[in-house]
Amino acid sequence: MKKTGFLPSLWEDLRKHKGLYLMLLPIVIFYLVFCYYPMYGAQIAFRDFSPKLGTMGSPWVGLKHFKEFFNSVYFGRLIRNTLGINLKNLVFGFPAPILLALMLNEVRSDKFKKTVQTVSYLPHFISTVVIAGMILQFTSTDGFITQLMTLFGFPKQNMMMNPDFFQPVYVISDIWQGIGWGSIIYIAAISGISAELYEAARIDGAGRWKQALHVTIPGILPTIITMLILRIGNVMSLGFEKIILLYNSSIYETADVISTYVYRKGLLDQSYSFSTAVGLFNSMINLLLLVAANRICKRVTEHSLW
C-alpha cells in the first residue's frame, strides 16, 4: 500500500527531482545565512547592547529605544521626508517605465526602438557616486541645470544648498536612472500578449489607442499590480548612499530620512541598539503596508501576490 502524507510525498519528490533541488540549495543557503540568521541580532533593539557583553549578555531594556525614537525631535521630520520622497517616486516614478514600455511597443522601427532602449538603460549602470557627482556639478551655481533654470526666472544659486530643491532633484534623477531598466519587465510582459488579441481588436475597428487601452494594458495588469504591491511594501525604505552623497547640513530639513538617521546613529555615534530599533520599526511599517496593499489590490483587481 502506497504511503500518503506530507513527508513521504516530499521525500519522493526530493528523490525524483534531486537535480533541481541541488540547484536550489545555494539560494536557500544564501537566504538562511544573509537574511534569516541576521534576524537573531534584531533582539539588540530591545537590549542596551555592548560589544563587550555580547548580544545575550547585554541587559534587556524592552521598548526603551523605540520610545526614545518616537519622542525624538527628529521623528516627525524623518517620517515626513521618507514618505515624501517615496510617495513622489511612487506617483511619478512608478508609471514612467510603464509609459516607456507602452510607447516603445508602438514604435515600428526596430533600429529606433533599440537605440531608445540602449540610451534609457545606460544610466542604470552608472555608479551612484558618479551620478551624485554629476548632480552636484549640474546643480552648482554655474551648473548646466542651474543656468537652464535661470531662463525661467529662478535665481542663480546652488540648488543643493536649497531645501526646496532637494526632493524634486532626487526624484527626477531617480526616474532618469531607472526608467529604462524598469521598463524591461513590462516590455517582456507585452511581448507575451497573444497577437490574436490585437488582430481581433483590429477587426472590430480598434485603432492603436484602443488596442493599447483594451488589449495591452489589461494584458500587463497582473505585472503592474505585482510591481505596485512590491513598491508600496518598500515605501518606508530609501537607500542612504545617494542621499548621503548629495545632502549637507543646510538641507537636512528635507533630505534627512530614516536610513541616513540610522547610518549616523549606528555607525557614527555607535548607538547600535537605538539604530536597530529604528530599522526594525521601519521594517514593520513596510510589512504592514505590503499586507495592506496586497489585500486592497486583491479586492479591487483580483490580482495579488498571494
State the [atom1]-[atom2] distance between [X] and [Y], to the nearest 0.5 angstrom.
X: Met161; Y: Thr139; atom1: CE; atom2: OG1; answer: 11.0 Å
X: Thr254; Y: Ile85; atom1: OG1; atom2: CD1; answer: 7.5 Å
X: Ile187; Y: Ile98; atom1: CD1; atom2: CD1; answer: 12.0 Å
X: Leu100; Y: Ile175; atom1: CG; atom2: CD1; answer: 12.0 Å
X: Asp142; Y: Gln137; atom1: CG; atom2: CD; answer: 9.0 Å
X: Asp174; Y: Lys88; atom1: CG; atom2: NZ; answer: 13.0 Å

Does [Y] offer a backbone N or O that forms a donor-acceptor pair with the side chain of [X] under 3.5 Å?
X: Asn162; Y: Asn158; value: no
X: Ser72; Y: Glu68; value: no
X: Ser273; Y: Ile44; value: yes
X: Asn86; Y: Thr82; value: yes
X: Asn234; Y: Asn286; value: no
X: Arg47; Y: Pro59; value: no
X: Ser120; Y: Gln117; value: yes
X: Thr260; Y: Asp256; value: no
X: Arg264; Y: Asp269; value: no
X: Gln167; Y: Ala255; value: no

For [X], does the [atom1] atom sit with more than 12 other heavy atoms under 6.0 Å from it, leaving out its own atoms?
X: Tyr121; atom1: OH; value: yes
X: Met39; atom1: CE; value: yes
X: Trp60; atom1: CH2; value: yes
X: Lys298; atom1: NZ; value: no
X: Tyr21; atom1: OH; value: yes
X: Gln147; atom1: CD; value: yes

Checklist entry - Tyr74 ring centre to Arg80 NZ or CZ under 6.0 Å, with the angle to the axis within 45°? => result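 Because its charged atom misses either the 6.0 Å distance or the 45° angle limit, Arg80 does not stack over Tyr74.
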Please tell me whether [X] and [Y] are part of a single hydrophobic cluster in this structure, the criterion being side-chain heavy atoms less than 4.5 Å apart.
X: Met149; Y: Leu151; value: yes
X: Trp181; Y: Met103; value: no
X: Ile190; Y: Phe112; value: no
X: Leu136; Y: Phe138; value: yes
X: Leu32; Y: Leu24; value: yes

Does [X] reach the side chain of [Y], with side-chain heavy atoms less than 4.5 Å apart?
X: Phe49; Y: Phe274; result: no
X: Phe46; Y: Leu280; result: yes
X: Val235; Y: Ile285; result: no
X: Ile172; Y: Phe92; result: no
X: Thr276; Y: Gln43; result: no
X: Asp13; Y: His17; result: yes
X: Val257; Y: Ile243; result: yes
X: Ile220; Y: Ile193; result: yes

Checklist entry - When the ring planes of Phe70 and Phe75 are compared, do they come out parallel, tilted or perpendicular, using 30° and 60° as the limits? => result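 The rings of Phe70 and Phe75 stand perpendicular, inter-plane angle above 60°.
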Checklist entry - Mind checking whether Tyr186 and Phe94 have parallel, tilted or perpendicular rings, split at 30° and 60°? => result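 Ring orientation, 0 to 90° scale: perpendicular.
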Shortest non-hydrogen contact between [X] and [Y], atoms and distance:
X: Gly93; Y: Arg231; value: C-NH2, 4.3 Å
X: Gln211; Y: Ala206; value: NE2-O, 3.2 Å
X: Val33; Y: Pro38; value: O-CD, 3.3 Å
X: Gly266; Y: Ser275; value: CA-OG, 3.4 Å
X: Ser250; Y: Pro163; value: O-CG, 3.6 Å
X: Pro97; Y: Gly182; value: CB-C, 3.5 Å

Next on the checklist: Quick check on the 6.0 Å ring-centre criterion: do Tyr252 and Tyr247 meet it?
Outcome noted: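 Yes, ring centres under 6.0 Å apart.
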Next on the checklist: Check for me whether the distance between the ring centres of Phe66 and Phe281 falls short of 6.0 Å.
Outcome noted: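 Ring centroids of Phe66 and Phe281 are no less than 6.0 Å from each other.
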Checklist outcome for this item: Sorted by chain and residue number, the side-chain contact (heavy atoms from CB on, under 4.5 Å) partners of Leu290 (sequence neighbours excluded) come out as Ile229, Leu305, Trp306
Checklist entry - Please walk me through it: do Thr55 and Tyr40 pass side chain to side chain donor-acceptor pair (under 3.5 Å)? => result CA-CA 9 Å; Thr55 302; Tyr40 168 79; 5.2 Å; no
Item to check | Arg77 bridged to Glu253 by N-O distance under 4.0 Å | outcome: no
Checklist entry - Under the criterion side-chain contact (heavy atoms from CB on, under 4.5 Å), which of Ile244, Leu245, Leu246 is the partner of Lys242? => result Leu246
